[in-house]
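Data first, discussion second: the structure below is written as structure tokens.
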Amino acid sequence: MPHRYNAPILAGDPETGVTLMRMEAGLDTGPMLAKVRCSIEPNDTAADLHDRLAAMGGELLGAHLEALLNDGLCAEGQDDSLATYAAKLDKAEAEIDWTRPAAEVLRQVNAFNPWPVAQSGFRGQALRIWRAAVVAGQGAPGTVAAAGRDGVDVACGTGCLRLLEVQLPGGRRISAADFSNSQNPQGERLAPLNP
């Protein structure tokens with residue numbers, strides 16, 4: 001999946017969008033012909049955003065195709081000073097730093113779903129975190145503050161991240177409640193895989 005779906009989630013942007021543009025020699029430098037905005041919801045993953053933007057792009061093109069073919073769209077120049085570059089994703093970025101605020105860690109989980117998937121060390125293995133939510137709580141960063149039917153709450157620099165869906169190596173994705181029942185992680189510390 002291209003990084004353009006990850007970057008706005010990771011940055012905490014409230015919205016993104018789709019633009020029809022005229023191609024020019026530079027990278028994304030042509031004038032805009034039509035555009036539509038898309039809100040980024042707190043629980044949107046990169047996969048969710050990809051699917052929504054793909055549908056919006058098709059609708060935008062369909063709505064403007066006749067005018068586009070007849071050169072009937074007004075071109076609007078881009079302000080180059082507002083351009084940002086989204087760097088290529090690196091798997092190392094998926095490693096969670098539990099000293100960061102829970103809201104930032106949640107953005108990391110959402111931005112890296114479905115690839116490369118946020119992860120942390122658990123008993124010397126990579127625990128992949130597919131879904132999570134921010135909840136109140138505190139404790140030493142990386143410590144499992146609570147584990148039960150609602151999920152697994154891991155203390156962050158500020159607040160807690162409730163793990164909702166996880167995966168151990170060689171296993172399938174499971175609910176954090178099932179993970180809690182089988183692993184009994186209460187009080188354990190999730191740590192970097194490569195400290």
Side-chain angles (χ1 to χ4, degrees), residues 1-14 16 39-54 87-195:
M1 175 171 295
H3 58 275
R4 64 182 163 268
Y5 306 109
N6 310 83
I9 294 173
L10 199 55
D13 293 342
T16 186
S39 295
I40 299 174
E41 302 302 324
N43 292 319
D44 278 342
T45 66
D48 297 331
L49 198 54
H50 167 273
D51 294 349
R52 202 159 63 246
L53 289 172
K88 185 177 178 181
L89 289 180
D90 184 314
K91 278 184 152 183
E93 293 176 83
E95 181 83 28
I96 293 177
D97 175 358
W98 295 104
T99 64
R100 293 173 39 216
E104 287 181 20
V105 178
L106 176 62
R107 290 198 311 258
Q108 184 180 11
V109 169
N110 290 340
F112 296 144
N113 177 346
W115 190 89
V117 185
Q119 64 180 356
S120 187
F122 174 72
R123 297 180 185 163
Q125 302 179 83
L127 177 67
R128 300 176 92 191
I129 301 166
W130 288 92
R131 295 261 183 198
V134 173
V135 294
Q138 61 184 21
T143 302
V144 176
R149 190 169 20 147
D150 294 331
V152 176
D153 296 354
V154 182
C156 297
T158 306
C160 282
L161 189 74
R162 175 166 289 162
L163 311 186
L164 301 173
E165 188 177 10
V166 298
Q167 182 180 20
L168 285 167
R172 60 182 176 79
R173 291 165 61 167
I174 59 173
S175 72
D178 288 344
F179 171 78
S180 178
N181 287 338
S182 66
Q183 301 295 321
N184 190 25
Q186 177 92 29
E188 292 201 41
R189 185 169 181 272
L190 302 182
L193 288 165
N194 303 304

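Only this structure's heavy atoms are used, side chains among them; waters, hydrogens and symmetry mates stay out. By convention here, the first residue in the shown sequence is residue 1.
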Handout entry: With R189 via salt bridge (Lys or Arg N to Asp or Glu O under 4.0 Å) - residues at least two apart
Key = none

Problem - Within-4.5 Å side-chain heavy-atom neighbours: D44 and R52 - result: yes

Exercise for the section: State, to 0.1 Å, how close L190 and S120 come at their nearest heavy-atom pair, and which atoms those are. Expected result: CB-OG, 3.5 Å

Problem - Backbone of P101 reached by a side-chain donor or acceptor of E104 within 3.5 Å - result: no

Problem - Reported CG-to-CD1 distance for the pair N110 and I40, which is rounded to 0.5 angstrom - result: 10.5 Å

Exercise for the section: May I ask you to check whether over 12 heavy atoms, not counting those of Q125, lie within 6.0 Å of atom CD? Expected result: yes

Practice task
Would you mind reporting whether E188 and Q183 have side-chain heavy atoms less than 4.5 Å apart?
Solution key: no

Exercise for the section: Would you name the heavy atoms of A155 and Q138 that are closest together and state the gap between them? Expected result: CB-C, 4.1 Å

Exercise for the section: With the side chain counted from C-beta on, respond yes when L53 and Y5 share a heavy-atom pair under 4.5 Å apart, and no when they do not. Expected result: yes

Completion exercise
dist C160:SG -> W98:CH2 (nearest 0.5 Å) comes out at 9.5 Å

Exercise for the section: For residues S180 and P185, determine if any side-chain heavy atom of one lies less than 4.5 Å from a side-chain heavy atom of the other. Expected result: yes

Problem - L163 versus A176, closest heavy-atom pair with distance - result: O-CB, 2.8 Å

Problem - T45/R131 under side chain to side chain contact (heavy atoms under 4.5 Å, CB included): CA gap, chis, key distance, verdict - result: CA-CA 9 Å; T45 66; R131 295 261 183 198; 3.5 Å; yes

Problem - Side-chain touch I9/L49, heavy atoms, less than 4.5 angstrom - result: yes

Fill in the blank from the handout: So CZ of R128 and CG of L168: to nearest 0.5 Å the spacing works out to 11.0 Å

Problem - Side-chain (N181) to main-chain (D178) donor-acceptor, under 3.5 angstrom - result: no

Handout entry: Side-chain heavy-atom pair E165, F179 within 4.5 angstrom cut-off
Key = no

Handout entry: Rounded distance [0.5 Å steps], CD1 in I129 versus CG in L164
Key = 10.5 Å

Handout entry: Residue pair L161 / V109, side-chain heavy-atom distance below 4.5 Å
Key = yes

Problem - Interatomic distance, D13 atom CG to S39 atom OG [nearest 0.5 angstrom] - result: 12.0 Å

Fill in the blank from the handout: Looking only at heavy atoms, the pair that brings L193 and A126 closest together is CD1-CB, 3.6 Å

Exercise for the section: Please tell me if the side chains of Q108 and L10 come closer than 4.5 Å, counting only heavy atoms from C-beta onward. Expected result: yes

Handout entry: Point-to-point distance, once rounded to the nearest 0.5 Å, from CD of Q167 to CG of L127
Key = 9.0 Å

Handout entry: Heavy-atom donor-acceptor pair, N113 side chain to W130 backbone, under 3.5 Å
Key = yes

Exercise for the section: Mind listing the closest non-hydrogen atom pair of A147 and V144 along with its distance? Expected result: CB-CG1, 4.1 Å

